Enquirer: 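Got a structure here, written out as structure tokens. Questions coming.
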2 protein chains.
Amino acid sequence: MVGPRVAFLGPEHSFTHLAALALFGGDAEYLAEASIAGVFAAVEGGRADYGVAPVENSIEGPVGETLDCLASSMLHVYAAAEARIILVLAGSGPRRVYGHPHALGEARGVLARLLPGAELAPAMSTGEAARLAAEQGGYCVCSRRAAEAHGLPVVAEGVERGENYTRFIAVSWRDQAEKGERTSILAAIPDRPGALYEWLGPFAERGVDLAMIYSRPIPSRPWHYVFYVDLAGGRLEEKVAGAIEEARARSLFLRVLGSYPVLRGLVF
Amino acid sequence: MVGPRVAFLGPEHSFTHLAALALFGGDAEYLAEASIAGVFAAVEGGRADYGVAPVENSIEGPVGETLDCLASSMLHVYAAAEARIILVLAGSGPRRVYGHPHALGEARGVLARLLPGAELAPAMSTGEAARLAAEQGGYCVCSRRAAEAHGLPVVAEGVERGENYTRFIAVSWRDQAEKGERTSILAAIPDRPGALYEWLGPFAERGVDLAMIYSRPIPSRPWHYVFYVDLAGGRLEEKVAGAIEEARARSLFLRVLGSYPVLRGLVF
């Protein structure tokens with residue numbers, strides 16, 4: 001028996017890699033992709049059965065590229081995983097710190113204490129930052145796992161500001177509506193006063209809880225928006241299904257991105 | 001007569017610098033700050049009278065750091081400026097392209113045609129990218145103005161995907177409510193089904209148009225949100241004032257960030 005093929009936002013030892021391992025286990029075959037668009041393309045093109053990408057961070061907010069890929073792809077959300085993210089400062093040698101700009105921002109306080117005046121060297125991801133620190137010398141802000149994989153000594157652990165959680169999603173050609181505890185929808189709402197209010201009515205009247213609502217600009221129509229909404233409950237539940245159908249009638253378009261189970265309690 | 005002191009998100013020749021010049025003219029004294037938090041701190045600390053930062057892009061969405069600074073500061077939104085952003089590819093020599101990760105993403109299509117296989121070198125801003133290309137050799141994705149300031153030859157103009165607009169805001173200790181054509185508010189809404197729906201009611205009933213609504217995570221409370229809402233109209237208008245007061249009664253808290261004029265039609 002061969003395990004599933006799982007594409008993830010790389011490089012190896014990225015936080016998304018850890019999320020993919022938590023969702024699909026040790027028997028799967030893992031493919032590191034260089035971009036979120038690449039993860040979606042791998043599944044659409046049949047090179048992978050599932051694709052894993054970050055979708056929301058409790059400090060930074062939504063991951064725009066993932067939301068945009070969901071909008072322009074036909075894939076569904078198959079599963080989600082929520083993890084607490086622990087960042088470490090690792091490395092030695094020159095006073096240079098590699099990191100994704102977000103991670104460097106998170107670690108600002110610790111860096112000012114431990115490596116005052118160090119040069120900040122932006123990298124495309126936390127995994128890439130660890131690779132650069134190992135190759136070029138210096139420090140990086142990354143996961144403990146990435147530091148260990150590259151043989152970098154950990155100088156400080158938990159360098160992020162406050163508790164930092166990220167939700168990852170797995171996308172696939174199908175969802176798991178029968179196990180759905182959360183439902184993601186994408187909708188465009190008419191551009192007139194009161195339209196969003198009227199659109200939310202069907203959910204409010206039935207007591208369907210909105211776990212998340214984000215607006216994203218429509219690139220081809222400046223200052224117009226689509227809404228990404230996560231609902232508590234699965235799309236096979238009567239009150240969820242009824243609210244979605246009524247909201248659909250008030251939308252320019254509405255697409256159910258998927259109903260799926262959520263893996264909780266992870267720490268990376 | 002001495003002009004106002006205006007802090008902006010630098011470096012010099014950044015798009016934000018151009019927005020600051022459009023809003024405050026040639027007589028002002030300009031201070032480049034290294035971060036959006038630095039722009040706010042300059043005004044709060046009295047080193048500048050106004051601070052200018054990007055707040056929303058029509059492709060990338062909201063600028064999270066600006067929204068977070070608005071939430072944690074006592075400053076008001078004093079004015080806004082909307083500009084179409086034109087990115088150029090400029091430089092010569094080694095096949096290496098400096099750029100802010102967003103700008104490199106925008107230019108992906110053009111880079112694949114003109115500089116296939118070029119090394120992508122992330123920089124903290126478009127202005128910084130131009131400086132690096134001038135110093136280290138190679139190419140960058142930046143504004144025409146930044147390319148010219150650093151003596152870099154422009155290889156291609158308009159390398160962005162589609163029309164790309166950015167809205168910038170100026171912050172200050174006071175707003176311009178008497179000239180207010182747009183009003184920004186920040187609110188936390190109770191976390192229960194229907195709460196957002198009920199909160200929007202006062203605006204829908206009075207026909208107050210929502211120009212923008214973004215949710216941002218509350219860093220100290222994972223998976224809880226505050227809402228940033230821009231309304232058409234000034235806070236001294238009766239229907240806007242009435243809707244805000246009614247919404248305030250349905251909020252955990254609500255703050256008017258400011259009512260202000262909007263400068264439109266700029267091209268950078």
Side-chain angles (χ1 to χ4, degrees), chain A residues 35 37 56-62 64-65 67-68 82 84 100-102 104-105 108 120-124 128 161-165 167 191-225 227 232, chain B residues 35 37 56-62 64-65 67-68 82 84 100-102 104-105 108 120-124 128 161-165 167 191-225 227 232:
Chain A
S35 67
E56 191 191 7
N57 178 273
S58 66
I59 292 181
E60 297 293 341
E65 193 183 352
L67 297 184
D68 291 347
E82 288 180 6
R84 180 165 177 190
H100 187 278
H102 286 178
L104 291 175
R108 202 178 301 138
L120 299 185
M124 298 300 269
E128 180 71 4
R161 294 181 296 171
E163 289 189 24
N164 186 340
Y165 292 82
R167 195 169 62 259
D191 182 23
R192 57 176 169 71
L196 177 60
Y197 172 72
E198 289 164 24
W199 189 85
L200 291 171
F203 303 101
E205 285 153 19
R206 287 172 178 78
V208 175
D209 199 12
L210 275 61
M212 174 189 108
I213 177 168
Y214 281 118
S215 55
R216 283 283 296 164
I218 303 177
S220 56
R221 281 192 79 180
W223 313 130
H224 287 75
Y225 302 88
F227 287 85
Chain B
S35 68
E56 190 190 7
N57 178 273
S58 66
I59 292 180
E60 296 292 341
E65 193 183 352
L67 296 184
D68 291 347
E82 286 180 6
R84 180 164 177 191
H100 186 278
H102 286 178
L104 292 175
R108 202 177 301 137
L120 301 185
M124 296 301 269
E128 180 71 4
R161 294 181 295 171
E163 290 190 22
N164 185 340
Y165 293 83
R167 194 168 65 259
D191 182 23
R192 57 174 170 71
L196 177 60
Y197 173 73
E198 289 164 24
W199 190 85
L200 291 171
F203 303 100
E205 284 154 20
R206 287 171 178 79
V208 175
D209 199 11
L210 275 60
M212 175 189 106
I213 177 167
Y214 281 119
S215 54
R216 284 283 296 163
I218 303 177
S220 56
R221 281 192 77 183
W223 314 129
H224 286 76
Y225 303 88
F227 287 85

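Chain letters run A, B, ... following the sequence lines, proteins first and then strands; every chain starts at 1. Computed from a prediction, not measured in an experiment: that's the story for all the values here.
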Enquirer: Please classify the contact of A/N57 with chain B as side chain, backbone, both or neither, using a heavy-atom distance under 4.5 Å.
Expert: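 It is the backbone, since no side chain atom gets that close.
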Enquirer: Give the member of B/E56, B/E163, B/R84 that has the highest number of heavy-atom pairs under 4.5 Å with chain A.
Expert: B/E56
Enquirer: Give, as side chain, backbone, both or neither, the part of A/A123 having an atom under 4.5 angstrom from any heavy atom of chain B.
Expert: backbone
Enquirer: If you measure from CD1 on A/I213 to CZ on A/F203, what distance do you get to the nearest 0.5 Å?
Expert: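 Rounded to the nearest 0.5 Å, the CD1-CZ separation comes to 9.0 Å.
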Enquirer: Name the member of A/S58, A/G194, A/A204, A/G207 that forms the most heavy-atom pairs with chain B at distances under 4.5 Å.
Expert: A/S58
Enquirer: Do the ring centers of A/Y214 and B/Y214 come within less than 6.0 Å of each other?
Expert: no
Enquirer: If you tally heavy-atom pairs under 4.5 Å against chain B, which of A/V208, A/L210, A/L200 wins?
Expert: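 Going by pairs under 4.5 Å, I would pick A/L200.
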Enquirer: Which heavy atom of B/S35 sits nearest a heavy atom of B/E65, and at what distance?
Expert: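 Closest approach of B/S35 to B/E65, heavy atoms only: CB-OE2, 4.3 Å.
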Enquirer: Which region of A/I218, side chain (C-beta onward) or backbone (N, CA, C, O), has a non-hydrogen atom less than 4.5 Å from a non-hydrogen atom of chain B, or is it both or neither?
Expert: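 Contact with chain B: backbone only.
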Enquirer: With only heavy atoms counted, which part of B/Y197 is less than 4.5 Å from chain A, the side chain, the backbone, both or neither?
Expert: both
Enquirer: Considering only heavy atoms, which portion of A/A211 lies under 4.5 Å from any heavy atom of chain B: side chain, backbone, both, or neither?
Expert: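 Contact with chain B: backbone only.
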Enquirer: Kindly state each residue pair satisfying salt bridge (Lys or Arg N to Asp or Glu O under 4.0 Å) with at least one member in residues 191-208 of chain B, sequence neighbours excluded.
Expert: B/R192-B/E198, B/R206-B/E246
Enquirer: Check salt bridge (Lys or Arg N to Asp or Glu O under 4.0 Å) between A/E128 and all other residues, then give those that pass, not counting sequence neighbours.
Expert: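 For A/E128 the salt bridge (Lys or Arg N to Asp or Glu O under 4.0 Å) partners, ignoring immediate neighbours, are A/R131.
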Enquirer: Which one, A/M212, A/R161, A/R167, leads in non-hydrogen pairs under 4.5 Å with chain B?
Expert: A/R167
Enquirer: Distance from A/Y225 atom OH to A/L196 atom CG, nearest 0.5 Å?
Expert: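 One finds 12.5 Å between OH of A/Y225 and CG of A/L196.
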